[in-house]
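Excluded from the calculations below are hydrogen atoms, water molecules and symmetry mates; all remaining heavy atoms, backbone and side chain alike, are included.
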Amino acid sequence: MQKKFLTGQCIVLGVTGGIAAYKAVEVASSLKKLGAEVQVVMTEAAQEFVQPLTFRAVTHNPVITDMFAEPKSWEVEHISLAQKADLFLIVPATANIIGKIANGIADDMLSTTAMATQASVLLAPAMNVNMYNNPILQSNIDKLSKLGYGVVEPASGYLACGVEGKGRLAAPEKIVELAIRELTLSADWQGVKVLVTAGGTQEPWDPVRYLGNHSSGKMGYAVAKVAARRGAEVLLVTAPTALESPLGVEVEQVQTAREMYEAVLAVAAEQEVIIKAAAVADYRPQNKAEDKIKKDESEPLINLERNPDILAELGRRKERQFLVGFAAESEQLLTNAQAKLKNKNLDLIVANDISAVDSGFKVDTNQVVLISAQDQQELPKLSKMEVAARLLDKIVELREE
Ligand code: CTP
């Protein structure tokens, strides 16, 4: 069986008493699905909102609710849990728990365990807007941030108390993403300067229309995300996509192949690794009309001209960089990809059969072959995040050689 992303990681999830407590169930469930061991500690108030049984069912672990309950083993439970944690998450974090941790108060199982842990602690506040804006709460958050606690910024919107404002718990996916980031900050890419390109370029022929392609940007964004989590300094040059900017990544938006060419070449020399996942249009309309083209009797004709090949140019200029290309092919996958590896002077190419089911454009999975001058490695069908992780592993291996 495939090892899951968070296998072997223990997350202590503290749940405090706010209406958003039910959203912590989704967080627990997502982390569990990713392979983590999730140990939930609930405050008394939290149990007024959600039953411990719900978390027990989702995590397959007993939920800790009482400091003085008969222990399952003769360990001091808050100490053993605190030591076991690879990450300590508190979702939702009320003003009360934030105040306690910031001021060293440990008067129940959760606050005691939080004080005893040496793991990273990530708090996701959720409360009424006026409580959130209260300078006492803000100074507690500030104090905790300075001490190295992570705080997931709450979102703005309609709050349970009936008003609009900041104080909604951040989206569970965002909390999970930040948790993963904390957990996978393995240092193998620490400080490495990486440029990633993503998305499909758009080549306009009037102010409302363009020639484009099916690229969703998911593969390139996954590479940028995973590299950042592993400590790289990532710049993502991206053509338009529907995706959110990945956390911890510097993002530069472009539209056309020529804009991408300019953006990439301006910073290429400073990069240690360049990964070109973007689907760059090989051709653009020769002319772009100033105004919207109106329909009339005649059939419009769009003449195309060649765009620069960004990757080939990078290959020509390459000195000590590690250069990675993608090859989207619908036939003769390996032969075509090998030719691109050689012609564009690359160190590695990710060959992608776009005719395969659940692979290539738009979907969340991908099936690729990693081809270098030394060897060829066929990966099974994996999520794009996992493909990104395997690609980065391969790059580490080849750079060490
Ligand atoms: N690429 C690029 N600039 C272009 C075209 C492609 O930088 N104008 C890069 C892509 O980002 C990708 C690699 O080259 O990493 C291969 O792209 P692909 O579209 O598969 O190949 P092409 O070189 O365009 O060749 P063809 O379209 O003939 O298959």
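- Although no hydrogens or angles enter the test, the distance criterion places no donor-acceptor pair under 3.5 Å between the side chain of Asn103 and the main chain of Ile105.
- No salt bridge links Lys174 with Glu177; every basic N to acidic carboxylate O contact stays at or beyond 4.0 Å.
- Heavy-atom minimum distance, Gln367 versus Leu379: CG-O, 3.7 Å.
- Put simply, CD1 on Ile180 and CD1 on Ile175 are 12.0 Å apart, with the number rounded to the nearest 0.5 Å.
- A salt bridge links Glu272 to Arg399: at least one charged side-chain nitrogen sits closer than 4.0 Å to a carboxylate oxygen.
- Considering Leu348, Val223, Asp347, Asp188 in turn, Leu348 is the only one that fulfils the side chain to side chain contact (heavy atoms under 4.5 Å, CB included) rule with Ile395.
- The 12-atom threshold is not exceeded at CD of Glu299, counting heavy atoms of other residues, nucleotides or ligands nearer than 6.0 Å.
- By the 4.5 Å heavy-atom criterion applied to side chains, Val324 and Ile274 are not counted as neighbours.
- Listed here is the closest heavy atom pair of Pro154 and Lys166: O-CE, 3.5 Å.
- With rounding to the nearest 0.5 Å, the separation of CG in Asn96 from CE in Met131 is 8.5 Å.
- Under the 3.5 Å distance criterion, the side-chain polar atoms of Asn303 are left unmatched by any main-chain donor or acceptor of Gln286.
- Contact of the Gln47 side chain with the Val63 side chain is not registered, since no non-hydrogen atoms from C-beta on lie closer than 4.5 Å.
- Salt-bridge annotation for Arg230 and Asp393: present, with a side-chain N of the basic residue lying under 4.0 Å from a carboxylate O of the acidic one.
- A heavy-atom distance below 4.5 Å is not found between the side chains of Val254 and Val264.
- Under a cut-off of 6.0 angstrom, the local environment of CD in Glu397 is crowded, with over 12 non-hydrogen atoms contributed by other residues, nucleotides or ligands.
- Under the 4.0 Å criterion applied to side-chain N and carboxylate O atoms, Lys23 and Glu26 are not assigned as salt-bridge partners.
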- From CA spacing to verdict: side chain to side chain contact (heavy atoms under 4.5 Å, CB included), Val234, Val196: CA-CA 7 Å; Val234 185; Val196 180; 4.0 Å; yes
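- Side-chain contact between Leu243 and Ser216 is absent, with no heavy atoms from C-beta onward closer than 4.5 Å.
- Note that the CD atom of Gln9 and the CG atom of Leu87 stand 8.5 Å from one another [nearest 0.5 Å].
- How far CD of Glu252 is from CE of Met260: 9.5 Å, rounded to the nearest 0.5 Å.
- No side-chain donor from either of Gln51 and Thr54 sits under 3.5 Å from a side-chain acceptor of the other.
- Annotation: side chain of Thr113 is in contact with side chain of Phe88 (closest heavy-atom distance under 4.5 Å).
- A donor-acceptor pair under 3.5 Å links the side-chain atoms of Thr16 to the main chain of Thr94, judged by distance alone.
- Looking at Ser145, its side chain does come within 3.5 Å of a backbone N or O of Ile141 through a donor-acceptor pair.
- Remark: side-chain polar atoms of Lys193 are not paired, donor with acceptor, to backbone N or O of Leu235 under 3.5 angstrom.
- In this structure, Leu304 and Trp205 have side chains that are not in contact, with every pair of non-hydrogen atoms separated by 4.5 Å or more.
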- Message: Test salt bridge (charged side-chain N to carboxylate O under 4.0 Å, His left out) on Asp375 and Lys394; report intermediate values, then the result.
- Response: CA-CA 11 Å; Asp375 63 6; Lys394 187 73 192 172; 3.0 Å; yes
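- In terms of the salt bridge (Lys or Arg N to Asp or Glu O under 4.0 Å) criterion, Lys143 has no residue partners (sequence neighbours excluded).
- Rounded to the nearest 0.5 Å, atoms CG (Leu169) and CE (Met127) are 10.0 Å apart.
- At least one donor-acceptor pair closer than 3.5 Å links the side chain of Asp206 to the backbone N or O of Ile293.
- The shortest side-chain heavy-atom distance between Leu89 and Leu31 falls under the 4.5 Å cut-off.
- Checking side-chain atoms of Thr238 against main-chain N and O of Gly199 turns up no donor-acceptor pair under 3.5 Å.
- Of the possible polar contacts, none joining the Glu329 side chain to the Ala351 backbone as a donor-acceptor pair under 3.5 Å is found.
- Taking Asn61 as the reference, Glu37, Gln39, Thr59 meet the side chain to side chain contact (heavy atoms under 4.5 Å, CB included) condition, with sequence neighbours excluded.
- Rounding to the nearest 0.5 Å places CG of Leu311 at 5.0 Å from NZ of Lys344.
- Residues Tyr261 and Glu313 come closest through the heavy atom pair OH-CG, 3.5 Å.
- Taking 4.5 Å as the limit, every side-chain heavy atom of Tyr283 sits out of range of all side-chain heavy atoms of Leu211.
- Between the side chain of Asn352 and the main chain of Ile354, no donor-acceptor pair closer than 3.5 Å is present.
- Residues Ser139 and Asp142 have side chains that never bring a donor and an acceptor to within less than 3.5 angstrom of each other.
- The backbone N or O of Ala114 lies less than 3.5 Å from no partner atom in the side chain of Thr117, so there is not a single donor-acceptor pair.
- Shown here for Pro240 and Gln255, the closest heavy-atom pair between the two residues is CD-CA, 3.9 Å.
- When all heavy atoms of Ala279 and Ser215 are compared, the pair lying nearest together is CB-CB, 3.7 Å.
- Here the closest heavy-atom approach between residue Leu314 and residue Leu265 is recorded as CD2-CD2, 3.7 Å.
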